Amino acid sequence: MGSKTISTKARETQIMVNQQSRQQSIVCDTHSVSGVVSQRACVYCGARVVLNPITDAAHIVHGPIGCASYTWDIRGSLSSDSERYRMSFSTDLREKDIIFGGEKKLTMAIDEIVNNEHPKVIFIYATCVVGVIGDDVKAVAKHAEQKYGIRVIPVNSSGFSGSKKDGYKAACHAILELMGPEKAKVKIPHSLNFLGDFNLAGEAWIVKNYLETIGLTLNTVITGDASCASLKKAKESVLNVVQCAGSMTFLAKHMEQSYDIPFEHIRFLGIKDTIRSLRKIVFTIGNQEHIERFEKLIKEKESEYTPKIEAYKQRLVGKKVAIYVGGGFKAISLIEQFNELGIETVLVGTQTGSQDEYNQFKQLTSEGTVILDDANPTELEYFMKQTKADILVGGVKERPLAYKMGVAFLDHNHERKHPLCGFEGAYNFAKEVDLTVNSPVWSIVKQGGIYHE
Amino acid sequence: MLDQTKGTYKKRTGLKINPAKTCQPIGAMYAALGIHKCLPHSHGSQGCCAFHRSHLTRHYRDPIIASTSSFTEGTCVFGGKSNLKKGLENVFHIYNPDVVAVNTTCLSETIGDDLGEIVRSTNVPEGKTVIYANTPSYVGSHVTGFSNMCKAMVTHLAEKKDGKKSKGINILPGYIEPSDMMEIKRMATLLKVPFTMFPDTSGVVATPNTGNYEMYPEGGTHIKEIKKSGNALGTIALGEFSSKDAAYELEKKCDVPATVLKEPIGIKATDEFIMKMLELNGGIIPKELEFERGQLVDVMVDVHNHYHGKKVALFGDPDILIAMTEFVIDLGMVPTLVLTGTPGKAFVKTIQDLFDGAKLDDSIVLGEEDLYSFHQIIKEKPVDLIIGNSYGKYIAREEQIPLVRMGWPILDRVGHSYFPVVGYKGALRIIEKITTALLDKYDATCPEEDFELVM
Amino acid sequence: MSVTKFGKLAIVFGGVKKLEMAVDEAVELFHPKAISISATCPVGLIGDDINAVAKEMSAKHGIKVLSFNCEGYKGVSQSAGHHIANNKLMTDVIGTNDKPVKEYSLNLLGEYNIGGDEWEITRVLHKIGYNIVSTMTGNGSIEEIANAHKADLNVIQCHRSINYIAEMIETKYGLPWIKVNFIGVESFSQSLRDIAKYFGDEALIQRTEEVIAEETEQIREEMQLIKTKLDGKTAVLFVGGSRAHHYQGLLREIGIETLVAGYEFGHRDDYEGRDVIPYIKMDADSRNIEEIKVEKDEKKYSMRIPESRMEELKKELPWASYEGLIKDMKDGSLIIDDLNHAETEKIIDILKPEFFGSGIKDKYMIQKMGVYSKQLHSYDYSGPYAGFQGAMNFARDVAAGVLTPAWSYVKAPWNCEPILNGKLEGVEKYA
């Protein structure tokens, strides 16, 4: 590239090098600077990521075709029943609709989908243009509700109206809308909802399995493998547990207000966190019998998986990892999980982390760790080289960057195919890290191929 | 999962289900990458740029870098001028490309940003260039965006210098893979016709892994070459929908005569391309190309029985479909359904003419349709083979029909960026893919007594 | 299929021990109902007595072990091998299973189930009401062939390869044979009528007509359509010992006339008809092939139909007779035996046929000359081509091959159209 500049002045406050002795803070949760090639996406993206796993809903994207086609079935959230959410529905607005308004087309689209699919709930996502041309999506939705007697819920997700986090909020509003304002008449004993898991590679099912073994009832997952019916039932739970804090804390707070359901933060990534989280749950809503079953489960799983993971640890001790993910909770878990494998975190950053989460990074990592907010590829490249990371953890846009640099890569995002949560997940995680870090291809790459003989 | 497709095909006016196209900006981004040391810039919300980069990354499995104006709520009210200006300044300051190619999105189009005015008022550093194209996502499809960006390259860069005309021609390759562009260059080189190809993404999105990451790889057409295009002897535009606008712009702006041909996919279209080139090189056909053609004809004769009379349904982009429909007819196959998501009556007419020429009275061609309709029609009129991009795999699995992946995007297989489908060699590869798909299915499902060793 | 792999040791010290081991291993692994041992060139030279081994092993394992002294150098072509095989089946297999058979029973001789031909033929025969005792040897089994002598009639498709057995069975067991041709709609229909006439049963004869009508109706329209597309085209056939004759009728039915035909390994009787057999001189090579003498088997011989009827039928049916290829070809056509490469090139050059039926070693050379070539030994892995449905398949496949658009691309456009444009200048003063 030639130039030594790697960033602008504007970015200085969002990059920090951990110095344990000093009090430090980082600027986060602000708009990206134009032209710096941020890795972030938009409000619609945030809303879709939260709502799309709802399996039997019809998700209509109201706007030109692009937003729908780029998000067609790109995520590995699994369903035990309906597969409707894996289809792509769009109103495909054309020039004429932009000029004269898209409400008529939206109405027709709703008619067509009700006749073809008979869904119980429809979500309508507003995209950028819709926000600008002023379509009254709310009115169209209400009219459709009255006409068909089903829920038709608009999602306020115009791409420019904020960042991904605003998308999460819009999605949470939509879910609350579906749940309705009345409190639950009866509560299910020893029950909980799992917020902020999207059942990628069946991870929610793993957690469900643990809870059922303990004897607790996992009522609703929001929104992995969720359905219209399961979401409506969510208010009958006694406790909410929140994994992806970035997207779901807002919903949890509202559910506490509206339905008297308290919430706890948990994380099921890594063995330590999994045990901690299950313990928290059992001691909050369980009785003595549940506790005993829990102890038994932990003992069993630990004795099965810990030695297996130890075997991989031996091949990984001393390696260094750079983490750049979407939300903060995941990065915290990952720092711990890598510690368990003897791998030091030398770089950690997020697209949408909060101040609180960055403080935790500072505490959990060691001197000299680079902490970034809303980084771009150039910064990642520079700091990865500087810190000599052996592996990068990220999503689809980070992968080619790592590979071209001759650095191993683990996808901890939408596209993962193997569950990485719970005990089984911790084992898969260790396997995957080993597979990529210790692949023989890097020695060939580092030689530069035949050109560097 | 597609067991929910039901009913007979009926044209919908409100809803598109499982689209067979996407929007303009991504095509513009891909075209921009075909300029050497160019950073594409998306003037709109961050989401657009992120989606386009992710989608292209998944198809090419290479880094795709582009910047965005990062629109916010405020921008929509006050206009994107300051975002773009700031963005351009930052891009040149940090990333130092030679060119920035700006494309608009539905958002910036709707609020009416005047790119020309904004760019003119920006401090573009000495020796750097900014070009821009209007690419509203609600008009046309990604192919239109590609075409618009190519036209912008001509509008902003092509110069006509008085004096001697150059000996060479311009080749506009169209919206094809880097491997295809490379093959066309190889053929043109063998034919000894001097040429400038733009855009040229070979060497940009299909680069080697050397352990060093290069943000601006060696490939792509140099700006000075595009500037010289105004002095060329003529332009060959391959693929009407992706290249003709740029070619006619060159004709209008610099008096460079334009010839519009099909994408050279299949024997007839490749012949037409070669014949045109022979007009320019004195009629000398290089031995290698004659040899390759002969090999292709030989294979067409040798294995016709594997696919003769078999029914095929195709979907994808217009330029590719036109050439492919003609090719499968030349192979003796029966295309029963040809479908594109891109709007345009001209496409429907062209394909219908092909059908009429081959007396295929029951075949259907549809423009501006989607894959749900495709599935409905196939359910009623089953076929032996589907040719299309990766989105066809759901239908292929549901109906147990083999799928040959061609076109864009291909998200679940490799090979398309490295091995061409154009030219005689490419046609051979297509035959290999078709016969392998059909014979693999036969081998897997035929009764045991019909299982053969030699086929 | 298994092989005893000969190394140097075997050539020097003999391979009998290895052969015995091979047979033992085969029995252990596969428990076959029978084993056949075929000798290759060196075996005859080093003097391995495979017949003795076969006898011994047969006694040891209690199954038929058949030995074939078919060294490659014996005889001038495959044909000698047919003869050797026929002999062994006659001496060791046929007549050893006396299971009673149903009425209207036939043996299909000289039918090898290429491309499923046998299945298609038996489908129609069953439909009419016949029972097949055995087929030699397509889709055949040892037990069925052993039972062949009990049938009512032998029908022969490929005369060259199996006529030996037909003659011998008639002598030994009194079972007569007629010549049939199951290739082509007309021929197949005629053969079905001949078989019905043999049995003389009214119901059978009527059923035959019904089935012929039904089956031909199913294919008539499409075959007619294909004929319009191929009418006037010409063919050359160079195949084996019978197909070069038997396919001519079917080709004619789709509009193609055969200009040149010849066999790879046919004998004079395949060309000129069986009448010529007494006049054929034996040459040195042929003398190597054993002619076994059979005699009437006192216990198992039986006349299937009364002598008087037989004399009548001899006049009306191809009774133990075959007229040969030449009789079916037009004046002016060429008949060439054992066609070679140079001759093939010349013929194509001069006559420019559109269809060439032959084998794998010829196919691609011919196609390089721009002529469609179909393998008639293996059907290009398609088929069946026999019977009614088979005629339909053949017609379709030939149409596809002759008419595929690929042929129109053989000549490159730059060899057809002018590329350079020019003007004639300076001639005005001569105008």
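What you are looking at is a predicted structure, and each value in this text was computed from that prediction instead of being measured. Chain letters run A, B, ... following the sequence lines, proteins first, then strands; residues in each count from 1.
Chain A forms more heavy-atom pairs under 4.5 Å with one residue of Ser141(B), Pro63(B), Ala50(B) than with any other, namely Pro63(B). For the set Ile60(A), Val61(A), Ile74(A), Leu106(A), the entry with the most heavy-atom pairs within less than 4.5 Å of chain B is Ile74(A). Contacts with chain A were tallied for His142(B), Lys10(B), His52(B), Glu89(B); His52(B) has the most, counting heavy-atom pairs under 4.5 Å. Per-residue counts of heavy-atom pairs under 4.5 Å with chain B were compared for Lys404(A), Met405(A), Met108(A), Arg399(A); the largest is that of Lys404(A). Interface summary for chain B: among Thr71(A), Val396(A), Val43(A), the most heavy-atom pairs under 4.5 angstrom belong to Val396(A). Annotation: maximal heavy-atom pairing with chain A below 4.5 Å, among Arg58(B), Arg12(B), Gln24(B), occurs at Arg58(B). Note: Thr72(B) leads Thr207(B), Thr110(B), Thr72(B) in heavy-atom pairs under 4.5 Å with chain A.
For CG of Asn123(B), the number of neighbouring non-hydrogen atoms (other residues, nucleotides, ligands) closer than 6.0 Å is 12 at most. Remark: Lys120(A) NZ is loosely packed, at most 12 non-hydrogen atoms of other residues, nucleotides or ligands lying under 6.0 Å away. Annotation for Phe78(B): atom CZ does not count as buried by contact number, only 12 or fewer foreign heavy atoms lying within 6.0 Å. Environment of NZ in Lys86(B): sparse, with no more than 12 heavy atoms of neighbouring residues, nucleotides or ligands closer than 6.0 Å. Other residues, nucleotides and ligands contribute only 12 or fewer heavy atoms inside 6.0 Å of the NZ atom of Lys104(A).
At a 4.5 Å heavy-atom cutoff, the contact between Thr13(B) and chain A is made by backbone and side-chain atoms alike. Of the two parts of Ile113(A), the backbone and the side chain both hold a non-hydrogen atom closer than 4.5 Å to a non-hydrogen atom of chain B. Using a 4.5 Å cut-off between heavy atoms, Phe89(A) touches chain B through backbone and side chain atoms alike. Of the two parts of Lys21(B), the backbone and the side chain both hold a non-hydrogen atom closer than 4.5 Å to a non-hydrogen atom of chain A. Neither the backbone nor the side chain of Glu398(A) comes within less than 4.5 Å of any heavy atom of chain B. Residue contact with chain A, scored on non-hydrogen atoms closer than 4.5 Å, is absent for Tyr60(B). No part of Leu411(B) comes within reach of chain A, as not one of its non-hydrogen atoms sits under 4.5 angstrom from that chain. Neither the backbone nor the side chain of Asp97(A) comes within less than 4.5 Å of any heavy atom of chain B.
Formation of a donor-acceptor pair under 3.5 Å by the Glu112(A) side chain with backbone atoms of Leu15(B) is found in this model. With hydrogens and angles disregarded, a donor-acceptor distance shorter than 3.5 Å links the side chain of Asn18(B) to the backbone of Ser88(A). Between the side chain of Asn209(B) and the backbone N or O of Gly406(A), no donor-acceptor pair lies under 3.5 Å.
Summarising the geometry of Tyr391(B) relative to Ser69(A), their closest heavy-atom pair is OH-O, 3.5 Å, with the distance given to 0.1 Å. Scanning all heavy atoms of the two residues, the minimum distance from Thr22(B) to Ile65(A) falls at C-CG2, 3.5 Å. Here the closest non-hydrogen pair linking Trp72(A) and Pro19(B) is CZ3-O, 3.6 Å. Nearest heavy-atom pair, Pro377(A) versus Ile65(B), reported as atom, atom and distance to 0.1 Å: CG-CD1, 4.1 Å. The minimum heavy-atom distance between Arg94(A) and Pro343(B), with the atom names listed, is NH2-CG, 3.4 Å. Closest approach of Cys128(A) and Ser45(B) over heavy atoms only: SG-OG, 2.9 Å.
Atom OG in Ser70(B) sits 8.0 Å away from atom CG in Asp374(A) (nearest 0.5 Å). In this structure, the separation between CG on Asp92(A) and OH on Tyr138(B) is 13.0 Å, given to the nearest 0.5 Å. Between the OH atom in Tyr213(B) and the OG1 atom in Thr378(A) there is a gap of 7.0 Å [rounded to 0.5 Å]. Distance check, rounded to the nearest 0.5 Å: CZ of Phe51(B) to SG of Cys45(A) gives 4.5 Å. Here Cys23(B) contributes atom SG and Leu93(A) contributes atom CG; the two are 12.0 Å apart, rounded to the nearest 0.5 Å. Taking SG of Cys106(B) as the reference point, atom CD of Glu95(A) lies at 12.5 Å (rounded to 0.5 Å).
The aromatic rings of His55(B) and Tyr70(A) lie perpendicular to each other, with more than 60° between the two planes, well past the 30° mark.
Here the side chains of Arg86(A) and Tyr394(B) are in contact, with some heavy-atom distance below 4.5 Å.
In summary, the side chains of Tyr403(A) and Asp62(B) do not present any donor paired with an acceptor at a separation below 3.5 Å, with no hydrogens or angles considered.
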